[in-house]
Structures are given as C-alpha cells and as structure tokens.
Student: 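Before we start, here is the structure in question, set down as structure tokens.
Numbers restart at 1 for each chain; the letters A, B, ... are given by sequence-line order, proteins then strands.
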Amino acid sequence: MSETAHRYTAELADQIELAWQDRWEESGVFNAPNPSGPFADPEKVASYDGGHMLVLDMFPYPSGAGLHVGHPLGYIATDVFSRYHRMLGKNVLHCLGMDAFGLPAEQYAVQTGQHPRVTTEANIVIMKRQLRRLGLGLDNRRAIRTMDPEYYRWTQWIFLKIFNSWYDREAVRPDGGLGRARPITELIADFESGARALPDGDERSWSDLSAVERAEVIDSHRLAYASEAPVNWAPGLGSVVANEEVTNDGRSERGNFPVFKRNLRQWMMRITDYSDRLADDLDRVEWPEKVKAMQRNWIGRSHGARVAFQVVGAPDGTEPIEVFTTRPDTLFGATFMVLAPEHPLVDSLVPQGEWPAGTNPTWTGGEATPEASVTAYRLAASRKSDVERQMEGKDKTGVFTGAYASNPATGTEIPIFIADYVLMGYGTGAIMAVPGQDERDWHFADVFDLPKIRTVQPTEGHPEDEAFGGEGPAINSANDTLDLNGKPIAEAKAAMIDWLVAQGFGEATVSYKLRDWLFSRQRYWGEPFPIVFDTDGVAHGVPESMLPIELPEVPDYSPRTFDPNDAASEPEPPLGRVREWVEVELDLGDGRGVQKYRRETNTMPNWAGSCWYHLRYLDPENHDELVSAATEEYWVGPRETPVAGAPAGTRDPGGVDLYIGGVEHAVLHLLYARFWQKVLFDLGHVSSEEPFRTYFSQGYIQAPAYRDDRGQPVEASEVEESVGEDGQSAFTWRGQPVTREFGKIGKSLKNMVSPDDMYAAYGADTLRLYEMGMGPLDQSKPWDTRAIVGSQRFLQRLWRNVVDEETGEVRVVDEPIDDATSRILHRTIDAVRRDYDELGFNTAIARLIEFNNALTKLDAVPRAAAEQIVLMVAPLAPHIAEELWSRLGHAESLTHEDFPVADPALLVEDSVTCVVQIKGKVRDRIEVPSDISEDELREKALALPKVVEATAGGVRTVIVRAPKLVNVVPL
RNA sequence: GCCGGAGUGGUGGAACUGGUAGACACGCGGCACUUAGGAUGCCGUGCUUCGGCGUGGGGGUUCGAGUCCCCCCUCUGGCACCA
C-alpha cells in the first residue's frame, strides 16, 4: 500500500465517488430545462443541437428491505444511455420518483400501528441513499412520490376526467378512426335535446326521468362507473382485486390468498371500450414482441360471427339463442348447443314436466325432470370455485335442458345442454358445439353420445377418433341455398357469414377476452376517490376545486380480513370507520346547494399513481395543470418518424423515448397506463397517444441460493465452496453439504446481495461496470460476486494509464497518437457508439477494455488517447471518468462534452489477414493489402504451397471475397 | 394443449447482411516482482489417441452453416375449457 499510495482502490473509489456525487448535486448538472413553466430555460433548451430525449425507469416501491443488486440493473442502463445521449448534445431528462402507496407499508402499519406514511418515508430515505451512491445522473427536482397530496390530487383529477366522460363509438378521431372519449356533459346535452334516444326503447323524454333514473342512464355510459358485478374477492386479503391480479391458480398475486367470484358493488373502468385501440396501437410502439404478444393475448380479440339459433317449439317472439363462433364455416357440423349454467335464457328454455320421449338416460344427470336436473347442475356449478373447476381439468360435465334448437344451416333439431366448460364471461355465454372441428366439443360428444359430423376434410393420417382443427377443404357443408364444399376455411367463413346475413341468422362480429378493470380496493394506503354519494345513492364527482381529497387519519389501518376461505364475507374498508370524514355536507356547485353526502370509502389500486407518473415528471411543480401542453408536447409529443419496425404509413404516437422495467408488468401497469393515456389524449389533455413509445424489459439478476438436505434455504453468504477431487465444486454450510441453485434475490431464498457491500468493497463504478458487462440487458443472468474483480481491474488499468500510482501525477504525454493506436481508437469509437445506441453495453465494455489494454502496452499514453477513452468510459463509470477528466486539466464536468467521433478514414486497415480455405476449411492465412483486387488475390492464393499441393488434380472452382477470404475447391 | 424465447469452453458471454467460432471477463495453470501475496504485470487455457473433432441431436441447402430449411430433444416465459 505504501508504494502505491495512488492506486485505484475501493477506498480511493469511495472518495472520488462521494466527491463527484456532491459536485453533481450542487451544480444541478443533470437538471433538464423545460421550454416553459417552473423549470423553464428556453435559451438553454434551444442550445441543445441534438434535440431532446426522455428516459425513464419503472419507478421503485420503497421496500423496507432496501435494494439488492438486481434492482439497479435497469437504473444503471438508463443512466448510461442518458449520459451517452447528453454527450451527443441532447437535452436528456432522466428522473426517478417513488411508487409510495402500497401494501407492505400498510401491512406493517396494521401490525405495528405506525402510520404507513412514516414507514414509507423512512424507507425512501434508505433507498434514496442507496440510489445516490450509485451515481445516477437524475434530475432530482422531479422526484415525485405518489403518496403526496400534491401528486395524488392529479391522480384524482384524472379519475374525475374519466368518471366524467363516455366512449362515443361513432365519434371521429383526429386520425380518422372511429371512437373516442367525450365529456359526459355532451352526452347529457344529447339526451336533453332529444338528439339521442333513451336506451332500451324508452320513449319518455329526458325531463320525464327522475334524478335517479337519469343518473342510471348516465352512469351506464361513464368510463368509470360503480356497478354490482361479479368481482374477485379475497377474504384473506380483505380486498377485491382486478382480473389481472389473479394468478392462474385462482389466488391473489398479493398475499397468495384464495379468490372468489362475488357480486359486489365496485368501481370499474371501462377499458374494454379501448380494446381495439389498445390492440392496434401496439404496432406503433417499439416494445419486445413478447410483451406485445402478452397484451394482445390478454385483450384476446377474435374475429367470428354471431349466429342466432331458434328454440324448437318456443312461442313466437321468443328470443333466439345467440352464439359466438370463430368458425362459422363449421355450422353444418353443429350437432348440439351448450349454454353456460348461468346463462339468462336457461330458465325459459327448460320445459315443465318429464324428459322428452327418447331422451338418452346419460343426459339427465339422474334426475326425474329437466327442471330438477338443471337446478341441481347449476347449484353444483355455482358452488365450485375457479380452482375446483380447473382441478377437474378437461373432464366434461353437463346436463340436457330438455329443449332443442334448430341448426339454421341444416334445419336439424339439436339438443341444448348446459355445461360449465362454457363460460358466461366470454362471447355470448353460449356455443354451437361442433365436435368434428373442436376438441372440447368432441370430448363432450363422447361423454354424452352425441353425433359428430366432420365439415373439414382432415389431413391424411389424422386419427379417426379426434377432432380436426387444421386447414382443409369443407365437406358435408351444403344446403339448398349454400354450398361450401371444397372451399378452404377462410373462404368458407366469408361465404357462410354472407349467407347468415342474407338469411337474417347472424352477422360478423368480434369478441374480446379483456374485461373491464376493477378499480376499487378496500384498503387504507391509497388514493381516496373524489366521489360522494347523495342520499339517493347517486355518485357525484366532487368539483376540481375540492381536490385533493386527502386521506384522513384512521384509528386502525386494516381492512377487516376474514378466514381466507370464507367466500360469503363482505369487504369492509378502513375508511368506512371514520364517520366524521365519510359523512359530509357539501355544495358541489351543481345548483343543489349544500347537501348531505357519504364519501366513497374504497381507495384506488396501486396502479393508479403509476398510470400517469411519466407525465407528471415533465411538469411536477405545475399547480394549475397536470402538465402544461407545451411541456408535454416538447418531451413526449409525436415524433416526425415512427419507431423502428412500425408498419409503413404509421404515425408516431409519441411517448417516453426509452422506458426500462421488468416484464412482470406486461399486462398490468403497461396496459393500464396505455388506457389512461388514450383517455387523456381523447379529452385533449395530452398530444401523445401512447405513454411509452419504446419499452425495453430488462432481465433479472439471479443469485446463487443454497438448500440443506431438507430443502430449506440456508444463508447464502455463509456457504463455503470447495473444489473436490473430481474438479466439481462442492458447497457446505456450517459443515453440512448443501446444494446450489440460482434464483430471484430476496429474503425467501436467503441470498440477499446488497449494493452497499459492493460499494464498500469495489465502489459504485465497478459495480455499474460489472452489471452492464454481465451480458445482454434483456437476459437473466447469474450474479457472481467474485467476478466483479474483473471490472475493478479494468478501472485500475485505466487509472494507471493516466495517473502514476506512486506519485499521483498525471503521466500522459503530450505527443500525437501513433498510427496503429489511432486506428484502434477509431475502430473502438465506431463500435462503442453502435453498442451504446443499441443498449449493447456488454460489448461496448469489451471494446473499451481492448483499447485500454492496447494503451497499457505503450511506453506512454498520449493525452489525446487518454481523453478519448475517458470520455467513452464516462457513461458507464462516470465518477472515475470525471476524476480523470479533471486531472487531465479540464475544469468543467464532462457531462456535456462531445462524445468522440470516429474518422471513417481510419476505420479501414491498410492490410488485412486473408483466410485461405480449401473446400471450406481454413488451411492458410496471408497478409494482403485491403484494396487488393479479386484477380490478384486469387492468383496469390493459388500460388500458396498448400493450395498447390491440394489442387494437384485440378481446380473446380475458386470463390474470392476480397480481401478477407478465398475458398479453393479442388476437383 | 396453444403461442413465444433459448440451447456455443469449467463459468458469464462474443461472432455485422451465411465467410478465421470462442472477442471480453471470471476461473484455472505457469512465470516475474516479492519475507509474503488472495496485490500487480506477462504468458498460456475448447476437446484431442495430434489424424482430426467441435456451437443440444439427426437430416438438408451451399464452395462454405452457430447463422438458412425440415424433424427431434431439453430448458424457459406467457396463456390455458376464450368457442
């Protein structure tokens, strides 16, 4: 240590890093100016010749456990990218807020009585320290927190906008498409003027309706509405949750409690009105295909037809049974129908009295009459939870209703069943069953001995006893007025739909899996709804002037929770206990004067705050608007050119230029945020149609975890590794052998690795470099603490190339860069730029190491070379780069220095190594001038002794790819 | 079951439109400097019976395949009775 007092050690890194972090903070060098408003600096904005860029991360929830080394991965990546683009002359905005509402703080509050705000603020302090130590170049003036009233005031404001609007399917959008949100006042005006008729053929005029009746009509159009509907109720959690938050084994994502379908009055968001736009606009953004696919899948748009089936023997005017099918071409093969047990038409279908003559005994469920059978089946089905339904797998159950319908294509009478494999929530809740082409229907037909008619010719070798879902010509599909036989599926579908329309039996239609978004939660720690109910139970939005509706203090933070399996329990939100807050007298400014109201006691889900935070970052000090129009348009307005890979003719939707976060939010946050953005766009509050024009999902860092012989995780930091005689690693914990696996970092696997430890042992720059060097950003990869030293060694060599370790003096020389080094330098610049552009940080680091190693081999490093590598390293390891830059004699931070530019003339080599292959195998190499002609190269290659030897019998062909390759093929 | 993604040295990973497989790093081995080194520097490191063989396995296209096509295996993500 004594002889190398100025070595780049962890201690020195610590000093340098803390010093530069202070300097950055004091100078506000990462503060990005706005064109107008509170952070306005129009001159500075105009001074950026490279334009502007908004780079964001999915913001963190401040957990009590602090960060682990997996968390910063995305933040480092966005920081490197941002710093690089600042050096390209752009006004880069990179900032990070806190997703401060959430369940953990509330659960802690329930246990300890400590206010969630206190817990959350304490956690934020810890997290901010850890993040600051990482050296992120953030605009800290914009570090918004969702729990602050000044923030959630605008969350509530957006809710009011959504509540006060409706989706007009006929309205024309600026892009010419149909359908957009409009203020609810315009709908009311239409009703008042009579321009719009009342629903359900009600012929009264608007003024004839009572206030409650009007509210009912209006509420049925609102984009946010309270309704009594089947929702996911988790008694153990004490709250309802959204469809997206239910795992596929029927449990709540939070807390893993059983979830039951219950009819409860809850707030919903009419996201289904946006199904098409949410699906279509995925083409306009640059996202991982995987995530787009997940969203498309979740929206679940399928094109098909509605077909009406008349019930046989029903009195005139009886409603037909409507089915949805994606395969109208198979209608000739529909041999029975199935309704969901809850289908509203079931009651009217079931005939009184005995089973029809000749009813197959297996269809009756063992009951004496259709009515008894249907009642019993429906009861059994209603008692089954989703989990139980799933456990039954594909075993088909059901009963005959006793009624028949007429197949419109064939006129055949087909039996109508109810069965729980048909879901009320999708399509029309009724299907035409086509066993020939549908596996599920085939199974059902097997169980109930129903006929099967193939209407598509199966491919050869297709098993006789299976449905055929593949492509083929139609068969058995003709009647007096329609002949589909021989047509391929697509053609047959179109022909059938035309026929159905002509005959009045049906029409083409589209069905979606997406359901409306359940938006209320029975929790304390969330945004209160800006909603009050009058004495008639009608919901009113409070005037904007009353915002924010602040979260009141409560004696008890917990919702009432129940036995997790008590499906019959009722939610009870904590806010309901604060009577003086709930019961208010207000003048809503609607002309009714002061009235008695009850406040909504549910709170908004955690997603609310994160649906729009990307907008608030832009203008966080604006107290008059969510974001000013000019500022919004400057940062996220549509760009001239669409994103890469967009279909021809696409208009850019605008949005965040780079958004990085975990793929676990693919159908939650990322879908909800898109929905809110589109509503705000429709209502004219933003110019961008998408929140995130480019989204990148980073992989996870997995850390080794160890289990003992009982399978219990043991503390990973206490495990010792030894290499056995067979060369394989063995692991022991307190003397006992344990097995290693790689998994998510956290408490449950006892494999926590804290960035604090890495700062102490190596410094932040080394940690940053290691995390960025591990591999492609989108891949998950294993953490290996002992490999970090490689990153440290690189920085030490870089340091040593500039600073004398013994004296601390700068040791670069003021001499020109020699030609060979210059060529390496420019090739490095070229490659590093390309890598940085594409988030290829791992390969950029490899190039920088190579160049640095080349400098190490020189007797002395020319100043210009040192400066160039320092600038190139700066985005990745900003502290050491700033320190070296300053020691090299620059007074200013390098934040806005120009990134090195490669000279194209220096990218081409004078001579290159040419590979000489014989029959495709490398046999020799020759140095040739890089501008060698094909003929000359061919001659040179053919003259080589090895080639002469191999071609003694003659030459068949010679492939020349000058200057790098010659392939000789002998006869 | 359906739809994606991925299989490259002991390890993490490189390889632009088909054209020198294994960049860079860890680990490992050797040497130097050292009282010592787990510091630093330098050298080596896919396997090999030294003919060759090598990018999960098998076939194909091509002068030439990690890269393109077909079949199969394994791992992994999402959806899951969605009509």
Side-chain angles (χ1 to χ4, degrees), chain A residues 1 3-4 7 9 248 288-298 300-302 304 323-327 330 334 338 340 389-390 392-396 419-423 425-434 437-441 443-444 469 511-514 663-664 666-667 723 727-729 769-770 773-776 778-791 793-794 796-797 800 805 831 834 840 842-850 853 856-857 912-925 956-961 964-970:
Chain A
M1 197 63 191
E3 60 211 297
T4 52
R7 168 166 296 167
T9 59
N248 55 16
E289 272 313 313
K290 169 197 169 90
V291 176
K292 288 189 184 185
M294 283 164 75
Q295 292 218 348
R296 286 200 186 97
N297 201 305
W298 190 259
R301 176 166 58 185
S302 51
V323 303
F324 173 73
T325 174
T326 55
R327 293 293 304 274
T330 64
V338 185
R389 262 197 194 194
Q390 271 184 2
E392 285 173 14
K394 293 195 154 54
D395 296 341
K396 294 285 176 290
D420 64 4
Y421 83 93
V422 174
L423 310 173
Y426 182 76
T428 62
I431 63 160
M432 61 180 213
V434 188
Q437 275 74 234
D438 185 288
E439 195 193 338
R440 296 154 301 177
D441 298 343
H443 287 145
F444 193 86
S511 201
Y512 305 87
K513 281 200 265 180
L514 184 69
V663 73
E664 68 272 19
V667 286
V723 180
Q728 297 287 305
S729 287
L769 209 53
Y770 174 66
M774 291 172 85
D778 56 352
Q779 268 175 39
S780 291
K781 49 236 147 179
W783 179 262
D784 183 8
T785 296
R786 67 183 175 176
I788 302 180
V789 70
S791 303
R793 286 177 190 156
F794 164 51
Q796 283 177 333
R797 286 197 297 271
R800 204 176 305 126
E805 285 194 336
R834 256 183 289 128
N842 55 329
T843 46
I845 290 168
R847 297 298 197 147
L848 290 166
I849 291 173
E850 281 182 302
N853 288 348
T856 305
K857 290 195 173 72
V912 296
T913 307
C914 176
V915 175
V916 182
Q917 298 178 332
I918 296 168
K919 274 182 78 177
K921 305 259 190 232
V922 179
R923 290 292 179 239
D924 209 348
R925 297 184 165 97
R956 181 148 60 135
T957 181
V958 182
I959 287 115
V960 183
R961 293 284 178 274
K964 297 195 81 170
L965 178 128
V966 179
N967 187 9
V968 181
V969 186

Student: Could you check whether A:K513 gets within reach of a base, just the sugar-phosphate, or nothing at all, counting any heavy atom under 4.0 Å?
Tutor: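 The answer is base, as A:K513 lies within the cut-off (heavy atoms under 4.0 Å) of a base atom.
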Student: Categorize A:R800 for me: base, sugar-phosphate, or nothing, with a 4.0 angstrom heavy-atom threshold over every strand shown.
Tutor: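 Touches sugar-phosphate only.
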Student: Looking only at non-hydrogen atoms, find the nearest pair between A:G920 and A:N967 and report the distance.
Tutor: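 Distance-wise, the nearest heavy atoms are N-OD1, 3.0 Å.
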Student: Each nucleotide N or O in nucleotides 9-19 of chain B that has a protein N or O under 3.5 Å away: list the pair and distance.
Tutor:
from, atom 1, to, atom 2, distance (Å)
B:G12, O2', A:M774, O, 2.9
B:A14, OP1, A:N842, ND2, 3.1
B:G19, O6, A:R961, NE, 3.4
B:G19, O6, A:R961, NH2, 3.2
B:G19, N2, A:Q917, OE1, 3.2
B:G19, N2, A:N967, ND2, 3.3

Student: Judged by each residue's nearest nucleotide on RNA chain B, which is more toward the 5′ side, A:G300 or A:K921?
Tutor: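 Closer to the 5' end of RNA chain B: A:K921.
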Student: Please classify the nucleic acid contact of A:S302 as base, sugar-phosphate, or nothing, using heavy-atom distances under 4.0 Å.
Tutor: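 Contact class for A:S302: sugar-phosphate only.
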Student: Between B:U40, B:C81, B:U20, which nucleotide has the shortest distance from any of its atoms to the side chain of A:Y421?
Tutor: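 Within the option list, the nearest is B:C81.
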Student: Whole angstroms only, please: what is the CZ-P distance between A:R956 and B:U62?
Tutor: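 Rounding to the nearest Å, CZ of A:R956 and P of B:U62 are 11 Å apart.
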Student: Could you check B:G9 for me: syn (within 90° of 0) or anti?
Tutor: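 Syn conformation here, the glycosidic angle of B:G9 being no more than 90° from 0.
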Student: From CG of A:L769 over to P of B:C26, roughly how many Å is that when rounded to an integer?
Tutor: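 One finds 12 Å between P of B:C26 and CG of A:L769, rounded.
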Student: Nearest heavy-atom pair of A:S302 and A:Y426: which atoms, and what distance?
Tutor: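 That closest heavy-atom pairing would be OG-OH, 2.8 Å.
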Student: We want to know whether A:Y421 and A:D441 form a side-chain donor-acceptor pair, criterion being a heavy-atom distance below 3.5 angstrom.
Tutor: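 A donor-acceptor contact under 3.5 Å links the two side chains.
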Student: From the set B:C24, B:C26, B:U20, return the single nucleotide nearest to any side-chain atom of A:I849.
Tutor: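 Nearest to the side-chain atoms of A:I849, counting from C-beta on, is B:C24.
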Student: Counting side-chain heavy atoms from CB outward, which of B:A83, B:C63, B:U20 is closest to A:V422?
Tutor: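 Nearest to the side-chain atoms of A:V422, counting from C-beta on, is B:A83.
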Student: Would you classify B:G51 as syn or anti? Syn applies when the glycosidic angle is within 90° of 0.
Tutor: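 For B:G51, whose glycosidic angle is within 90° of 0, the conformation is syn.
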Student: Please give me the minimum heavy-atom distance between A:V667 and A:M294, naming the atom from each residue.
Tutor: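 Where A:V667 meets A:M294 most closely, the heavy atoms are CG1-O, 3.5 Å.
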Student: Measure from CG on A:D441 to P on B:A83 and round the result to the nearest Å.
Tutor: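 After rounding, the gap between these two atoms is 12 Å.
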Student: In which stems does RNA chain B show up, taking only runs of three or more Watson-Crick or G-U wobble pairs whose two distances fall under 3.5 Å?
Tutor: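 Listed by first number, the stems are B:1-7 with B:73-79, B:10-12 with B:24-26, B:27-32 with B:40-45, B:56-60 with B:68-72.
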Student: Using a 4.0 Å heavy-atom cut-off, does A:A787 contact any base of the nucleic acid, only the sugar-phosphate backbone, or nothing at all?
Tutor: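 A:A787: backbone/sugar contact only, no base atoms under 4.0 Å.
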Student: Across the strands shown, which category fits A:Q796 at heavy-atom distances under 4.0 angstrom: base, sugar-phosphate, nothing?
Tutor: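 Answer is sugar-phosphate: A:Q796 comes under 4.0 Å of backbone atoms only.
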Student: Consider the side chain of A:F324, meaning its heavy atoms from C-beta on, and name the nucleotide among B:A83, B:G77, B:C63 that approaches it most closely.
Tutor: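 The answer is B:A83, which lies nearest to the side chain.
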Student: Can you name the nearest heavy-atom pair linking A:L423 to A:A340, along with the distance?
Tutor: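 For A:L423 versus A:A340, the nearest heavy atoms are C-CB, 3.9 Å.
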Student: Let's see if you can work this out: which of B:G27, B:A83, B:C63 has an atom nearest to the side-chain heavy atoms of A:T957?
Tutor: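 Output: B:C63.
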Student: A:N853 has an atom CG; how far is it from atom C1' of B:A23, in whole Å?
Tutor: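 It works out to 12 Å between those atoms.
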Student: With a 4.0 Å cut-off on heavy atoms, is A:R301 in touch with a base, just the backbone sugar-phosphate, or nothing at all?
Tutor: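 The residue A:R301 makes no contact with any strand.
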Student: Tell me which of A:K290 and A:T913 sits closer to the 5' end of RNA chain B, going by the nucleotide each one is nearest to.
Tutor: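 Closest to the 5' end, via its nearest nucleotide, is A:T913.
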